[in-house]
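Reviewing the structure listed below.
All chains are named by letter (A, B, ...) in the order of the sequence lines, taking the proteins before the strands, and each is independently numbered beginning at 1.
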There are 2 protein chains.
Amino acid sequence: MTNYSIGDLATRSGVKVPTIRYYEEIELIAPTGRTAGNQRRYDSDALDRLRFIAHARAMGFSMESLKSMLRIANHRDAPCEDLDALVEARLKEVDERLAKLIALRTELASMLESCAHGTVADCRILQVLSDHEECRAEH
Amino acid sequence: MTNYSIGDLATRSGVKVPTIRYYEEIELIAPTGRTAGNQRRYDSDALDRLRFIAHARAMGFSMESLKSMLRIANHRDAPCEDLDALVEARLKEVDERLAKLIALRTELASMLESCAHGTVADCRILQVLSDHEECRAEH
DNA sequence: CTTGAACCTCTAGTGGCTAGAGGAATTATC
DNA sequence: GATAATTCCTCTAGCCACTAGAGGTTCAAG
């Protein structure tokens, strides 16, 4: 029967106090009990959920996905395919992002290489930036 | 002596009309001439600058960096070190982002692998998400 | 000269928080 | 038990880089 204040919850979860209130407002977490003086009090389940949220956010899952995950987590005897699907979708996003970043990295590196360290007037960097046609990859 | 309307400029540069006005507002581009009826008119230099901006934005350079670049581009006989520095800084950012994404990718993939495709109750995905300690990488 | 498309300014909204004001409740110290 | 310090409450506003829309004006084609 733990009885955390919102500040306790914040330090334990790493999620800031106003963010916790924000999550309540957008109904990502349910409103919790209050003291006679209207202050929020949480139990350890709430802490678990917040940690879950923090972790999933850190992995880049969208708020939308988070809401789905939390919903799914409540149906403990349902098959977990939907969960899989969400993770797969995120993996795909990450892969796409990686591909783009790698292409970009190549481009940036080659810009640096082709710079002759002269004056701005004949700097290849500016030329490349001015002329998208010079790029292999689109971004 | 080209004489583009803001719409022409938008179609030619790929930057949307309101965005061009926004760029003017935040002084990323200079205010341009107007017709007697107060409509903006641009020349081909403006188009070049806008294309430059669009391209640099697509490469992920910050607005801050963009402003610096545009300033630097005006000093045509200065050395281009500062330009190099900006590109290098961006390259470093990209590398950091890549490292994190690769770690994340690994994690997501292993989550998917460890899922036994049973019920939500014993799905490893939920367990991993609930417990940050299980992760090698921080994110 | 009429029409219709494109333009103008201005305000407000987006997401995911963060910051601050002004005031009430709780906790720690004496 | 009084007081002081801290934490909490709600509410409003701000952040970035745009995007959307209202209400009205100007331009270019026919």
Please tell me if the side chains of Arg51(B) and Arg12(B) come closer than 4.5 Å, counting only heavy atoms from C-beta onward. yes

Any heavy-atom pair between the side chains of Ile72(B) and Cys80(B) that's under 4.5 Å? no

Verify the contact: side-chain N or O of Arg40(A) to OP1 or OP2 of dC8(D), cut-off strictly under 4.0 Å; return yes or no. no

What residues 7-26 of chain A contributes to the DNA chain D interface at heavy-atom separation below 4.0 Å is Gly7(A), Arg21(A)

Integer-rounded Å distance: dC17(C) C1' and Ile29(A) CD1: 14 Å

side-chain N/O Arg34(B) vs dC7(C) OP1/OP2, d < 4.0 Å: no

Output for pair (Arg49(B) CZ, Met69(B) CE), nearest 0.5 Å, gives 16.0 Å

Between CG of Leu66(B) and C1' of dC18(D) the distance, given in whole Å, is 14 Å

Send over the distance from Ile6(B) CD1 to dT9(C) C1', rounded to a whole Å. 12 Å

Reading nucleotides 21-30 of chain D from the 5' end, what letters show protein touch, with B for base, S for backbone sugar-phosphate only, - for no heavy atom under 4.0 Å? -----BSS--

From OH of Tyr42(A) over to C1' of dT7(D), roughly how many Å is that when rounded to an integer? 14 Å

Lys67(A) NZ to dG15(C) C1', straight-line distance once rounded to whole Å: 12 Å

Given the options Glu96(B), Arg97(B), Arg90(B), Val94(B) meets side chain to side chain contact (heavy atoms under 4.5 Å, CB included) only with Arg90(B)

Determine the minimum heavy-atom distance between Leu104(B) and Met59(A), stating which atoms define it. CD2-O, 3.4 Å

If you take all heavy atoms of Ala46(A) and Leu9(A), which pair is closest and at what distance? C-CD1, 4.5 Å

Which atom names give the shortest non-hydrogen contact between Leu66(B) and Arg57(B), and what distance separates them? CD1-CD, 3.3 Å

What's the shortest heavy-atom distance between Arg40(A) and Glu24(A), and which atoms? NE-OE1, 2.8 Å

Under 4.0 angstrom between Ser5(A) side-chain N/O and dT7(D) OP1 or OP2: no

May I ask you to test the Ile53(A)-Val15(A) pair for a side-chain heavy-atom distance under 4.5 Å? no

